[in-house]
Amino acid sequence: MEEEKRIGVYVCWCGTNIAKMVDVVDVAKEIGKLPNVVIAKDYKYMCSDPGQELIIKDIKEHNLDRVVVSACSPRIHELTFRKALQNAGLNPYMFEMANIREQVSWVHTDRGEATRKAKSLVAAAVNRITWHESLDKRTVDINPATMIIGGGIAGISAALEIGNSGRKIFLIEKENKLGGHLAGVDLTFPYMYSADQILKPLIKQVTNNPNIEVFLNTQIDEVFGYVGNFETKITPGDGKEVELKFGNVIVASGLKPYDPGGIENYGYGKLPNVITSLEFEQMLKKGKIVTKEGAEPKNVAIIHCVGSRNKDYHEYCSRICCMTALKFSNQLRSALPDTNIFECYADIRSFGKGCEEFYAQTSRKDIMFLMFDQKNDLPRIRKAETMDECDMLIEFNELLSGEDIEVPADMVVLMVALEAQENARDIAHAVGVSMCGNEFYIERHPKLDPVATTTDGVYVVGGCQSPKDIPDSISQARAAAARILATINIGQVEVEVTTAVVNEDICCGCQTCVNVCPYTAISFDEEKGVSVVNEVLCKGCGTCGSTCPTGAIRSRHFTDKQILSQIEGLMSTSIELQEV
Amino acid sequence: MSYEPTIVAFLCNWCSYTGADLAGTSRMKYASNVRIIRVMCSGRVDPTFVLSAFKEGADGVLICGCHPGDCHYHEGNYKCLRRYHLLQKYFQQMGLDKDRLRLEWISASEGRQFAELVDSYTETVKNLGPCKMKQVIETLT
Amino acid sequence: MTGIIFTKVDNGYSGALDYNELFFYAKGIPGVGPVWYSTDVPLYDKQAMADLIKEQQLKRIVVAGDTPGMVKPFLTGAMVIAGNNPEDVVLASFREYGATDNTKIDRAKGILFCIALGVTFAEAALPEETDVQPDTLVIGGGIAGIQASLEIANGNQKVYLVERTGTLGGHMAMFDKTFPTLDCAACILTPKMVEVGQHPNIEILTYSEVKGVTGEPGNYKVKILNKARRVDLATCIGCGICTEKCPAKAPSEFDNGTTLRKAIYIPFPQAVPNKYLIDADSCTYVLKGKCGVCVKVCPVEGCIDLDAKDQEMEITVGNIIVATGFKPFDAGKIERFGYGKYPQVITSLELERLINAAGPTEGNIHFRSQDKKGNWIFSVESGMPKSFAIIHCVGSRDENYNKYCSRVCCMYSLKLAHLIKEKLEDADVFEYYIDMRAFGKGYEEFYERIENEGIHIVRGRTAKIEERNGRLMVRSEDILNDQLIEQEVDMVVLSIGLEPREDAAELAEMLGISTEEEGWFTEANYNTDPVNTFVGGITIAGVCQGPKDIPDAVAQGSAAAARVLQSIVKGKIKKSIKDMPLEKIEEKAKQFSNSMEGKS
Amino acid sequence: MKEMSQYGMGTWNACFHCGNCTAVCSLTEEGILFPRKEIRALQMGLEDKLATSVEPWLCYYCGDCTETCPRDANPGELMMSVRRWLTAKYDWTGLAGLFYKSLSALIIAFVLVAIGIVAMGFVKDFNSEAVMYFGHILEFYLILTVFTIILIPNILRMFYFTVIKAKVNAPFGSYIAAIGNLITHMFTQVKTLKCDKQTVRWLEHFLLVMGYLGLLVITVFLDWFGTENQIIIYMGYITGGLVFVFTFLLMISRLSKARELNKYSQPTDWFFIIWLFLMGFTAFLVRLFIDIDLLNDHFWIYMVHLIVVSQWGMLLVPFGKWTHFLYRSFAVSFANLKKAALIKKLATAA
């Protein structure tokens, strides 16, 4: 039974982004000739208000029932256009995007070739959309509780932000106390406030808040469910298993310091007076800055970018070490007024509020700033001779003077990089977030959605998505809290509908699908002898669909028919055009 | 004009498609022979998709998924790997060169790797010459 | 016993607090023994200090001052020598809680009192709660304001979004691409703008300004001036005939003056609302009383009313989010760079518009030239430069202009260098920087990439720009290669820094919030409260609090919304810390302190 | 490092090495970069590098660097301090350093010279003719001694530091050329012209130097106070007038601190200007008194003049700022040697 299909196709110029490399007018003209295509237009900015209004108007005027937009990546604008369809009274799934910007105009250099490819992509989309079906959004109730992984400053802030509104929080911390790295810090840059005085009242607020339940010595193994209705089992320190149910997850698992033992030049672990920034921070906290021999150091060298900004270690910048190093210099100058202080740096990155001023102020305190090449020529630390009157010598080419120098040091502080936690991968798996090469979590969009992830209801904040200072971590923590508070306030959330569904008439009951489902969303109905999909648990990966020997399982919105006709469309046009 | 092959690529939504987008936003140039189809997971790539691509006239098929251990759906990419091996055996039996199918892991941050992969694979397929499958089927039917 | 040491001189941070008054106040705090100025104690001799601690039998030391942390390490050391616990050196930082001038001396006293009693100020100065009106006002329609509005509106709450200009979008809408991913600003921003425009919970008030705020936390009455747009938003169909026929021109604000626009215009094609407006300062009718061409050609009757007057409205809101952003540094202030003197010295913001496909030159970089009427604009008719110098830190990191780092310039300069190369493959691009601040996620990797694109990155601040052989000579020291560079280029791009808006102080006064010396709004606590202020129900977000890149501004927009949503979900809002009387703080501190002792 | 702060103001610690000062300076050129490199050498305590550098002498302190320094590190003043330090370094007697560092030592020396002159006058019964004759001889020998015993050895030391020790390997021809531009620079200081907006200053400076040299020649070699030659007498008035008028202007500008360069002044700088003024002024008065026949009644004026001249010749010329002009002129030549050496090196390398 073939009902009439009325497709509207829109080819976007994206200013010149697409139009420069693709003959959009020609694409629209050619595609307009395809069967079922009622209308094919090109327009300067499809995503703009007038662009969207154009679609809505056409849907009404031409009685369209499906829309193809050929523009940028669907990852950017699929939702925008789906909403437009909805506004026009069409089911949002009667929509398909052909990506002719990221996959064509931006990556190819021959206009003819690019136009040809664009045509085949649009033709494929037209073919595919012929088989699209209406899918209805479902909403689920939101469990107002939130689980927060990580009890550092970001986790604490998020917990308080939501907890203070009277909603339940489960705060999970793998160590035996709250506070994270901030608990080991003496003063914060650039205004030298006491970290203790900042952190302790916050921890007190957390423990005193009846809405916040803290689980120490606890790790997260696996989280089941979906946005609004997650659950997990945890085994806190006392060994008793607890089951938690919650609607949202905030991952604030933070960072760990880099182990500089791997950098041979610095001799960490071999030279006793080479210490890490964290160890030095402890000394400051305890009020005793002494070498392993117990003497006050006469010369202290601080080496920046240890494990950062270098291809052999981490390529990224760890963002907070420059300021921490400047803070150390200030603290040293106060604690040991006569000590010689050397800052060996690559670039001083004092970019935050009040930070450049802090740098200016620090540089007036008789501190010697020495620049080295962090990419190709790391300083080398060696034990000094007796006649040198110091414990160690640091050798490198000083870039600002061009001299090869030897810096005397009785203590060397290595400003170590910050890297992903050891269990970053485990947590990523448990809650379903992606990681980049450095094992930092990937946010949904680096600019527009910096704390959400591609998994609904899961947020990543603070250091676990890349190194951050305190205010930036807290801003992020609160940003996630805002999102969660908004959903709690509404009480419901929409869930994805592109799940798998079993055609019970064809299912042979082989149960192959039951085994491949990573979410145990498929069970076997003994009575009927067929597989059944729990649509709430199904995340729509489609693995079952491609495993099913009889084709009984359909992955909604990614059905065999849709993809096969997409392939067909892709090829037929491309060959046809090639022959011309 | 030299022979230009057509390559169909199946990219998973979470890693590889994003990686290809990154290649685009970073304006990395690569061969225009590749046509991308988005699937939610490389595990969704049914062997029939691959075969049907050849049936429709593709000269090569590329499947890209998340790196092992990074799958958004835990282990879809492993399932895909198994099918890939299976398909390769099947290809041998059919007399197709096994290089006509390639499986690679491309993460969301590997735009450059994606562009390089497309270029090198296009070169590979070019060297293999046109795939005769479509013609064979057409003559047979 | 607790001793108090005042550090009066604080390394350049000037505090106009009356320290003598604080000194005598400190003596009266219960449990406090000796009170000194730091000049009265041996601050450079740890042993002598330790002896003094022992002699006075001090168990705790409170160091008080603007940023007393500066001397803490010395005192911790002395405490250890004296055999005490180093953690008993505590800080009473007046700046931390905003007591930076003498009008806030009571707050400074409160801070002293709390810390001396072992209670943190934030705990004791916790204001009472009161009912909250559910609606929210967001001031500023840039990315931070947009984000905040959406967060709240998506939580089913009403938002008024007030924007000074005729469209949402702010500075981000002017940019071409964004670093480090290079996705185009419009592509990611305009959908958000459209979402705001279509959101049933958001009432957009463009071309409007906040004129007065009265009331108290949870219940503010805000007077808003709706400037006469002279075009009816409801009936304008955006056909553009009026613009076509309008005879008057003025420099386009959206294009940063790189081209001209008509007196009746739409700021840019994707503006939200996508409706026209009339600029009274350039409209012939408004200026001379005759013209009215637009009215004649407008197909909608009554849509354009050239005699429309400004109107005022009043709204009641529970919370206010301030996201007013920044103004770019005026490059003309630095004479040596010749901006305004040499036409080919342009600002980074001008280049953004040139590179933008929707800009005056359709995305190509052309020389600035004079049109027939003598206006200096960019048009496709003039030639294209082949070499560029990009100069970092213009107006930033400079004691003569702005001391602070503007945080975004390094990265956007690298981005611009890349975009120039993309447009003009053979162009020579030189970057002159001081420290390369590529600190964010993926930034360092981007820097690395740009370095490998054949762009000459020179460490050395440009000192002056002169005309030579009809080109521009940029003089810098290439420090890392020990050379003096006199580079002749066709075009110089000044990477201008960010400055607080001129009206920031006025707005701060209206809202009762404080500003930093340089004019950024002050947050309630540098570390823990980056978006709140000392006034209940008023939060700040984005660059108006200090320079920020897009992700950080967006995060702050959301963070500000969190506090608003928290109060709405709870139905209660905290009053202002600012208004807490000293007696109340003292009383609470005593309570806390007693309860702590009771426990231990 | 710490020693340097005794030679002047030290805010150079604040420098973050942006290179602005080097680039803004009109006198820097390829191969001759300052003042950032001097700041660096100083910050790092590279005394040798500093001692062998000729660059500090090439700076005329126009103040552009200080005015535009983004860190208020005051590079201009730093260069001035380095020059003072170098003066001490070149001076084999060590007195220059002592006078810079210790104001009291300088004052004591001044007083001692004054006492010596008064004592001499006492010995000669304050007989005007005898004293003036002695004064004339004294001036003559003073110049000779100062040059041969102090200045020439010091110049040689400077040559040793900046050329030999710095291993400048210049071709022979450039040495001859260097002597040529030494002479032009010594008299005209023409390089100042390269500094922006400095024409007026250069003219002032040029006239002052001309006046000073003229006065020197006229009083010492042409015996202004003894001569009857009308031309010499008028020339004397003109040169003397030039000296005191322009020093007076200089003093006013220093006091009003109008220009950036005059913001910071060391005591020795003041001595220099005041004594120059006094020298011109007293010489002018002495001759005036001679011409209107008042000198015999006011003989003290000559005594004052002689004291001033002696202090000038014995202290300020060999150990004070006067030497800066000398060293600077030589430095221009030495810098040219360096440049020539650089070209030679590049040529051989190529």
Side-chain angles (χ1 to χ4, degrees), chain C residues 11-12 329 333-338 389 391-406 409-410 430-437 457-468 472-488 492 494-497, chain D residues 11-41 43-44 46 49 53 55 58-59 62-77 79 194-197 260 263 335 338-339 342-343 345-346 349:
Chain C
N11 310 300
F329 175 78
K333 278 191 200 163
I334 306 181
E335 246 175 69
R336 293 168 292 131
F337 290 162
I391 296 166
H392 288 226
C393 297
V394 176
S396 310
R397 301 188 68 192
D398 191 332
E399 301 272 344
N400 304 313
Y401 304 98
N402 294 321
K403 287 182 198 170
Y404 54 84
C405 161
S406 291
C409 324
C410 279
F430 300 86
E431 293 236 8
Y432 300 95
Y433 75 102
I434 307 177
D435 289 288
M436 193 59 86
R437 299 194 161 162
I457 302 182
V458 180
R459 190 185 195 279
R461 186 181 192 258
T462 294
K464 54 186 170 189
I465 295 163
E466 281 164 11
E467 206 152 18
R468 185 189 281 180
L472 294 164
M473 189 275 285
V474 176
R475 206 164 195 272
S476 318
E477 184 186 1
D478 180 352
I479 293 170
L480 301 184
N481 293 311
D482 196 13
Q483 276 176 336
L484 186 74
I485 299 190
E486 295 192 345
Q487 187 66 48
E488 280 180 28
V492 176
L494 304 179
S495 295
I496 47 177
Chain D
T11 48
W12 30 266
N13 246 333
C15 168
F16 63 8
H17 296 272
C18 63
N20 179 76
C21 44
T22 305
V24 84
C25 178
S26 309
L27 295 169
T28 49
E29 49 192 288
E30 193 50 65
I32 298 186
L33 301 179
F34 62 88
R36 188 197 65 82
K37 290 182 86 173
E38 274 59 41
I39 302 178
R40 193 60 188 157
Q43 282 183 338
M44 291 175 64
L46 302 173
K49 206 172 178 184
S53 70
E55 281 83 359
L58 304 180
C59 162
C62 68
D64 276 356
C65 51
T66 293
E67 210 173 308
T68 59
C69 174
R71 274 285 173 114
D72 282 354
N74 202 351
E77 179 58 24
M79 292 298 274
K194 259 181 93 181
C195 300
D196 298 337
K197 302 167 273 174
E260 184 67 35
K263 270 188 190 158
K338 272 194 175 176
K339 261 190 280 174
L342 191 74
I343 293 165
K345 205 166 134 194
L346 288 174

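Labels below follow one simple rule: chain letters A, B, ... track the order of the sequence lines, proteins then strands, and each chain is numbered from 1.
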Enquirer: Within a 6.0 Å radius of atom CD on C:Glu335, are there more than 12 heavy atoms belonging to other residues, nucleotides or ligands?
Expert: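 Incorrect, the count does not exceed 12.
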Enquirer: With sequence neighbours excluded, what pairs up with C:Lys403 under the side-chain hydrogen bond (donor to acceptor under 3.5 Å, both in side chains) test?
Expert: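 C:Lys403 satisfies side-chain hydrogen bond (donor to acceptor under 3.5 Å, both in side chains) with no other residue.
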Enquirer: Which answer fits C:Asp482, side chain, backbone, both or neither, if we ask what part of it has an atom under 4.5 Å from a heavy atom of chain D?
Expert: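 Contact with chain D is through both the backbone and side chain of C:Asp482.
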Enquirer: Quick one: CG on D:Asn20 to CD1 on C:Ile434, what's the gap to the nearest 0.5 Å?
Expert: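 Result: 8.0 Å between the selected atoms.
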Enquirer: Would you indicate whether the side-chain heavy atoms of C:Lys464 and D:Ser26 approach each other to under 4.5 Å?
Expert: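 A side-chain contact exists here, since the closest heavy-atom pair is under 4.5 Å.
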Enquirer: Within this structure, what is the CZ-OG1 distance for the pair C:Arg461 and D:Thr68, rounded to the nearest 0.5 Å?
Expert: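 Going from CZ on C:Arg461 over to OG1 on D:Thr68, the span is 7.0 Å.
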Enquirer: Between C:Arg475 and D:Cys25, is there a donor-acceptor pair closer than 3.5 Å when you use the side chain of the first and the backbone of the second?
Expert: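 Flag set: sc C:Arg475 to bb D:Cys25 pair under 3.5 Å.
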Enquirer: What's the spacing between C:Ile479 CD1 and D:Cys18 SG if we round to 0.5 Å?
Expert: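 It is 6.5 Å, given to the nearest 0.5 Å.
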Enquirer: Can you list the residues that meet the ring pair (Phe, Tyr, Trp, His ring centres under 6.0 Å) rule with C:Phe337, with sequence neighbours excluded?
Expert: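 If we apply the ring pair (Phe, Tyr, Trp, His ring centres under 6.0 Å) test to C:Phe337, skipping adjacent residues, there are no hits.
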Enquirer: So which part of C:Leu484 gets closer than 4.5 Å to some heavy atom of chain D, the side chain, the backbone, both or neither?
Expert: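 Looking at C:Leu484, backbone and side chain both touch chain D.
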Enquirer: Of all the residues in residues 33-40 of chain D, which have a heavy atom that comes within less than 4.5 Å of a heavy atom in chain C?
Expert: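 D:Leu33, D:Arg36, D:Lys37, listed by number.
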Enquirer: Between D:Cys21 and chain C, which part of the residue has a heavy atom less than 4.5 Å away: side chain, backbone, both or neither?
Expert: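 Neither part.
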Enquirer: Write out, in numerical order, the residues from residues 394-401 of chain C with a heavy atom short of 4.5 Å from a heavy atom in chain D.
Expert: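 Counting heavy atoms that sit under 4.5 Å from chain D, the residues of residues 394-401 of chain C involved are C:Arg397, C:Asp398, C:Glu399, C:Asn400.
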Enquirer: Name the region of D:Cys65, side chain, backbone, both or neither, that has any atom closer than 4.5 Å to a heavy atom of chain C.
Expert: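 Neither; nothing under 4.5 Å.
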